[in-house]
Amino acid sequence: MADLTRSNSMFSKKLLVTLLLAAVPSVLSAWVADNGDGTYSNPILWGDYPDPDPIRVGDKYYMVSTSMHIMPGCPIMESPDLVNWKTVGYAVRDFDEHPDFRLDGSERYAGGPWAASLRYHEGKFYVCFNVNRMGFFMCIADDPAGPWKRYRFDKDMHDPGLLFDDGKVYVAHGRPNKGIKVTRLTDDATAIYPGQEDQLVYQNPKDWGTFEGSHFYKIGEWYYMCNTWGGKWGKQTVLRSKNVYGPYEAKQILDDGGNFIDYPYGLHQGGLVDTPEGDWWFIMFQDRDAVGRVPHLLPVTWVDDWPLLGVNGCTVHHWKKPNQIVKEPFVPATGDDFEKESLGLQWQWNHLPVAEKWSLKERPGWMRLHSVGVVENIHQARNTLTQRVVGPACSAEVTLDFSNLATGDVAGLSIFQDQHGYVGITKEEGFYLVMVKDHEVEERIPLDSSEPVRLKAVFDGIADIGTFAYEKNGEWVSIGCEVPLRFKLSHFVGNRFALFNFATNQEGGWADFDEFDFTPLPSGVYPVDLRNRTEAEHFIAQSGVQIESCDDEDGGYMIGDWDHHDWILLEPWIAGDDLRLELRVKNRFRRVKLRLRSGGVDGEILAVADVPATEEEWQTVTIEEPLNLSEGQKLCIQFRGLSPGFKLNYLKWKKEE
């Protein structure tokens, strides 16, 4: 319990943005891909739905995505138009093939089913996936809502793509640097075809990097395999042949990593789908840092039997919808009053839950979480209930009745990934309200009452920051500090809101949760506190610079390798007069000067700043010359000097009082 009784020095407090958002309307006033005028905007889902694989069954579309160690896994989405989506089921309701998935003294973070392939054949749905160190699995159901029957193969098939072709069943797969292989399955897709050996059908060129994420199709007389390479700066390729085993020829069909206003990363890993009218589309994901990996929808143009993505080689931000079926746009469910007898499909557990240790019936209208075992922190806690955050920003509120906690228990509301934060209640000699950042207490307040408390967490997906609050006398009071939020491969999923209760001393206590309210923030409505930090890698355009991983506890990315006259162009994310700009920099040399220009590299010079040498330490440098920025104004930062050792992490703005 030691980590919950030490209070670190307080960070300077800011007014929570949620105080400015009390009048935010319903979820449909926030980010919705369907614009209601026959067009849509990307992303189609601003949440963590990686490795999407779409199909069409009649006039409905279905899509599977990855959820790793989050259970139930392999969510199945349904849509009438490829733009409006809802969750209808999970191909993996549980995954108890290894003790790690129970989080009972061991764990499988960043493990589990991933990069699944979804297909429909003769009245049945099929989902196949690979699990590292465990092999290949096939799930089969008559209905996407389930039940699903699962078959385990004694074989590894990485990033599989399933194909039914004229009575035969194949899987395309390939591990990094091992090339793409094809394996034939039995006609019922439940085993390897007798005597079948993997056949290598394509070895990707070394200068193209590693091919992953195979999606396998037979369209007309051609076999196609859609693959990605290049990681988050992704490039999409397609292989084709008139024989299932090749030889295959390759063509790059999208490389457009610089065509985004707010994120520099490209689109990659996804699949083809057609409409009843014969049009073709492609759904693939984009890395968006803390929120996770979000799916985009692109039109497909066929040229010489090659499927080319986007328009004129570029991704689309706004485009005409595939059809106009939906009159009322919708998004996946979020909030919950816990009045039903079962959990909504928006909820997933961190690893497998212990069924007898949670209940919606012991106290009707409340979610009860009993402590399970004795652990040290939230990453070890079992029965942590989660759901995705959504972009560009959102908040979650919940009522917590903590009166039945046992000594040493901690219960509350978290923004959860490897780096994380939470606000909650701990019981020691009395009850204490705590805000914790990465297992360290940032603020601890004694409570003189055991009455239920209302808690709030705010996710800012523009600055990748979380903040927390509690309700007191009908008003929100901020607590603790900002928490930098990241997408870390150690978890391999986007950040999530989480309800938790864990014991650090003894089992036996429980916590009750009610009225979980989820509020996406409206697109285009950003109070200053929400967007006062801009990551340097979120440029619109650049010349000469490179994105690198940040090598300190702040994590994330930075802009490096600047040379004389290199520049980046940013959206300032803020408007106002007398703004002072802060830069988080690392500068190994002395002669560095920055010019701030309006609109572009040839624009008006707004300010000039000398950046002192910081050696190998990160420092915050403030440009004292005030800036007057209008809404939508772009800011160009031009580097002047001889230093390839200059690094820029992020920018923040301060307004003089």
- Message: Applying salt bridge (charged side-chain N to carboxylate O under 4.0 Å, His left out), can you list everything that pairs with R363, at least two apart in sequence or on another chain?
- Response: D401, D512
- Message: V390: which residues meet the side chain to side chain contact (heavy atoms under 4.5 Å, CB included) condition with it, sequence neighbours left out?
- Response: C394, F518, P520
- Can you list the residues that meet the salt bridge (charged side-chain N to carboxylate O under 4.0 Å, His left out) rule with D104, with sequence neighbours excluded? R382
- Of all residues at least two apart in sequence or in a different chain, which pass the salt bridge (charged side-chain N to carboxylate O under 4.0 Å, His left out) check with E471? none
- Excluding sequence neighbours, so at least two apart, what forms salt bridge (charged side-chain N to carboxylate O under 4.0 Å, His left out) with D34? K321
- Query: Who are the side-chain hydrogen bond (donor to acceptor under 3.5 Å, both in side chains) partners of Y109, not counting sequence neighbours?
  - Reply: N350
- For E515, the side chain to side chain contact (heavy atoms under 4.5 Å, CB included) test, sequence neighbours excluded, returns T399, R454
- Task: Please identify each residue that fulfils side chain to side chain contact (heavy atoms under 4.5 Å, CB included) with P72, with sequence neighbours left out.
- Result: Y90, R93, Q348
- Sequence neighbours excluded, the answer for side-chain hydrogen bond (donor to acceptor under 3.5 Å, both in side chains) partners of N42 is none
- Can you pull the salt bridge (Lys or Arg N to Asp or Glu O under 4.0 Å) pairs that have at least one residue in residues 492-509, sequence neighbours excluded? K357-E507
- For A333, the side chain to side chain contact (heavy atoms under 4.5 Å, CB included) test, sequence neighbours excluded, returns Q346
Under 3.5 Å, side-chain donor or acceptor atoms of residues 336-345 against the rest of the protein: list the pairs with distances, not counting sequence neighbours.
unit_1: D336; atom_1: OD1; unit_2: F338; atom_2: N; d: 2.8
unit_1: D336; atom_1: OD2; unit_2: W347; atom_2: NE1; d: 2.9
unit_1: D337; atom_1: OD1; unit_2: E339; atom_2: N; d: 3.0

